[in-house]
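Values below: all heavy atoms of this structure, side chains included; hydrogens, waters and symmetry mates excluded.
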Amino acid sequence: MSHGIRISKEACKGCVNCIKTCPTEAMRVINGKVRIMEERCIGCGECLRSCRHRALSLKEGDWDFLANKRSLAVVADPALCFQFPWGPYPDVLAQVLRNMGFDPIFNECALAYDLTALAEARHLDNNSEKTGPVISTYCPAVVRLIQIKFQELIPHLSPVENPLEVSIDLWRARHMKHNVPAALVAPCPARIAMVEDPVGRDTSSADYVISVTRMAREILVGSRNVAHMGNPPDGLASRWVTWASLGGESACIEKFAQKPVRSLTVSGMRNVIDLLQELELGRLKGIDFVEARACNFGCIGGIANVESRFIAFQKLKLLNPPEPAKEEIELLEELYEADIWRLQEVIAPVEQAPLGKGLAKAMEKLEELHSVYAELPHLDCGTCGRPTCRVMAEDIVKGEGSLEDCVFRVRERIAELSEEINVLSRKLVHTMTPEEKNEDKRDM
């Protein structure tokens, strides 16, 4: 699995801040250098927020290479529209991108987001209350979190494809540009991982990925006088832009639903985990749809954004998305019947490496894990390079660590050896009597 994060071992100081913030315990600091367990990483970006030494960065494409390509389509996460002083107006941003030599996929984005909302609404209309709430698949970090830690909730995941993927497919089909490469502008590592290792399909429709930070920087440097370009966006554009903030998806779904949708929205990794735990326990009754976002405030809170999420949220209030027009709904119905909105593959759980081969061996290793864990101090200090003592015990059982990695165990061992040396130093020589030894000491 790809995680969308690049590691600079030269910059890493072994401070272990990152391993303490990872929600899936995917980080290790071994020999003073950080490493990521790809099978556990969800690309949420929490480790990037905690790294003070810039040892972790986004794994994006080379800007100079992409900027010099003769033909490149650009599809942007809606969060990009909130990074500039001229407001969240996609038509203005689209004109700026054209001036830079890119081909923005914004009209198709607006269409794809509405199509996704329509498909979600149809799925909710047909979903039985007995099956429980439907969980949005828009945030790839949340999807991977469920694949790894909440696998019982996988059947609740929506079967609807991410609208960013659909927009590229739709653009290529409408304009017959199947060979034109496309780049996704991403606000977080999870979106980058969505391109490198997508969920629910073999390959991503995007060929390259650029961070919102890099794209916004280039736009701001090269387009200083665009504040008065263009007009405020029409209703179709406004609806897709609102998905950048928490609640935008749910509001858009309600515009296409035939009956009221009881939605629950939550953002922030800790809140998302708490919500998923309650869903597993069956405590959330009467909810139709769950919109969960790993970043606070939604995608406008992504680690790869430039603008403050608080300011971006205020900009969102400038938009007042209207109801979809009749002709818009007719076009969306045609696209819905074409079934281009559906995930190509069923989302599967991400299996973790077992403790041992076979049930009997695994149970034996589990008992060993409990035994090793009992010998550890249960302080979860992180000085061993693992986030918790239990993870440390698991690594030891798997042969990826030893008790000597624990500084407290080492200190106890040193104390034991010191006492043993002290006892040995007082040991009597068997060929001499105690009186002779005392005389020898007085002579000395």
Please name all residues satisfying side chain to side chain donor-acceptor pair (under 3.5 Å) with [X], sequence neighbours left out, ordered by chain then number.
| X | answer |
| --- | --- |
| Asn296 | none |
| Glu249 | Ser136, Arg293 |
| Lys398 | Glu394 |

Checklist entry - Going through the checks in order, is the ring-ring contact (aromatic ring centres under 6.0 Å, His included) test met by Phe297 and Phe310? => result CA-CA 8 Å; Phe297 285 79; Phe310 305 107; 5.4 Å; yes

Check whether any side-chain N or O of [X] sits under 3.5 Å from a backbone N or O of [Y] as a donor-acceptor pair, and report yes or no.
| X | Y | result |
| --- | --- | --- |
| Asp197 | Ala193 | no |
| Thr116 | Ala112 | yes |
| Ser250 | Gly247 | no |
| His156 | Pro133 | yes |
| Glu404 | Val410 | no |
| Glu307 | Ala312 | no |
| Lys315 | Pro88 | no |
| Arg342 | Val160 | no |
| Asp77 | Val185 | no |
| Thr242 | Arg239 | yes |

So which atom in [X] and which in [Y] form the shortest heavy-atom distance, rounded to 0.1 Å?
| X | Y | result |
| --- | --- | --- |
| Leu80 | Ala76 | CD2-CB, 3.5 Å |
| Asn305 | Ile300 | ND2-O, 3.1 Å |
| Val272 | Ala292 | CG2-CB, 4.2 Å |
| Ile154 | Ala348 | CD1-C, 3.9 Å |
| Ser204 | Met194 | CB-O, 3.8 Å |
| Leu220 | Pro85 | CD2-CD, 3.9 Å |

Within the structure provided, determine whether [X] and [Y] are in side-chain contact (heavy-atom separation under 4.5 Å).
| X | Y | answer |
| --- | --- | --- |
| Ile340 | Asp169 | no |
| Val209 | Lys59 | no |
| Met363 | Leu359 | yes |
| Asp114 | Pro163 | no |
| Tyr113 | Pro78 | yes |
| Leu58 | Leu48 | yes |
| Arg191 | Cys299 | yes |
| Trp341 | Leu118 | no |

Counting neighbours of [atom1] on [X] that are heavy atoms of other residues, nucleotides or ligands and sit closer than 6.0 Å, is the number greater than 12?
| X | atom1 | result |
| --- | --- | --- |
| Asp339 | CG | yes |
| Lys69 | NZ | yes |
| Glu152 | CD | no |
| Arg270 | CZ | no |
| Asp64 | CG | yes |
| Asn31 | CG | no |

Next on the checklist: Could you go through Leu124 and Ile253, starting from their C-alpha distance and side-chain angles, then the distance that decides it, and tell me whether this counts as side-chain contact (heavy atoms from CB on, under 4.5 Å)?
Outcome noted: CA-CA 9 Å; Leu124 291 171; Ile253 290 173; 3.9 Å; yes

Checklist entry - Sequence neighbours excluded, which residues qualify as salt bridge (charged side-chain N to carboxylate O under 4.0 Å, His left out) partners of Arg390? => result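 Expected list: none.
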
Would you compute the distance between atom [atom1] of [X] and atom [atom2] of [Y] and round it to the nearest 0.5 angstrom?
| X | Y | atom1 | atom2 | answer |
| --- | --- | --- | --- | --- |
| Leu403 | Glu375 | CG | CD | 5.5 Å |
| Ile148 | Ile42 | CD1 | CD1 | 6.5 Å |
| Leu153 | Leu145 | CG | CG | 9.5 Å |
| Leu157 | Ile146 | CG | CD1 | 4.5 Å |
| Leu332 | Phe256 | CG | CZ | 5.0 Å |
| Cys22 | Met27 | SG | CE | 6.5 Å |

Checklist entry - Quick one: ring pair (Phe, Tyr, Trp, His ring centres under 6.0 Å) pairs with a partner in residues 187-216, sequence neighbours left out? => result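 Matches after skipping sequence neighbours: Phe65-Tyr208.
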
Item to check | Phe82 and Phe313 aromatic centres sub-6.0 Å | outcome: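 When the ring centroids of Phe82 and Phe313 are compared, they turn out to be at least 6.0 Å apart.
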
Checklist entry - Relative to the ring of Tyr373, is the ring of His378 parallel (under 30°), tilted (30 to 60°) or perpendicular (over 60°)? => result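 Judged by the thresholds at 30° and 60°, the geometry between His378 and Tyr373 is parallel.
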
Next on the checklist: Under a plain distance cut-off of 3.5 Å, with no hydrogens placed, do Ser158 and Glu120 share a side-chain donor-acceptor pair?
Outcome noted: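 There is such a pair between these side chains.
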
Checklist entry - Does one side chain, of Gln95 or Asn99, offer a donor that lies under 3.5 Å from an acceptor on the other? => result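 Yes.
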
Next on the checklist: Quick test of your reading of the model: are Lys259 and Asp288 salt-bridged, counting only N-O distances below 4.0 Å?
Outcome noted: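 Here Lys259 does not pair with Asp288 in a salt bridge, since their nearest N and O are not under 4.0 Å apart.
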
Checklist entry - Is it true that Glu60 and Arg214 have a side-chain N and a carboxylate O under 4.0 angstrom from each other? => result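 Here Glu60 does not pair with Arg214 in a salt bridge, since their nearest N and O are not under 4.0 Å apart.
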
Next on the checklist: Applying side-chain contact (heavy atoms from CB on, under 4.5 Å) to Leu93 and Phe106, what does each step give before you reach the verdict?
Outcome noted: CA-CA 9 Å; Leu93 181 57; Phe106 280 16; 3.9 Å; yes

Item to check | side-chain contact (heavy atoms from CB on, under 4.5 Å) between Thr213 and Arg217, intermediate numbers included | outcome: CA-CA 6 Å; Thr213 298; Arg217 183 189 307 152; 3.6 Å; yes

Item to check | Step-by-step side-chain contact (heavy atoms from CB on, under 4.5 Å) determination, Cys295 to Ile303 | outcome: CA-CA 8 Å; Cys295 298; Ile303 187 64; over 6 Å; no

Next on the checklist: Out of the candidates Lys177, Arg172, Arg174, only one should pair with Glu108 under the salt bridge (charged side-chain N to carboxylate O under 4.0 Å, His left out) rule; please name it.
Outcome noted: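 That would be Arg174; it is the only one of Lys177, Arg172, Arg174 passing the salt bridge (charged side-chain N to carboxylate O under 4.0 Å, His left out) with Glu108.
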
Next on the checklist: Does anything in residues 49-58 form a side-chain hydrogen bond (donor to acceptor under 3.5 Å, both in side chains)? List the pairs, not counting sequence neighbours.
Outcome noted: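 Output for this query lists Thr21-Ser50.
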
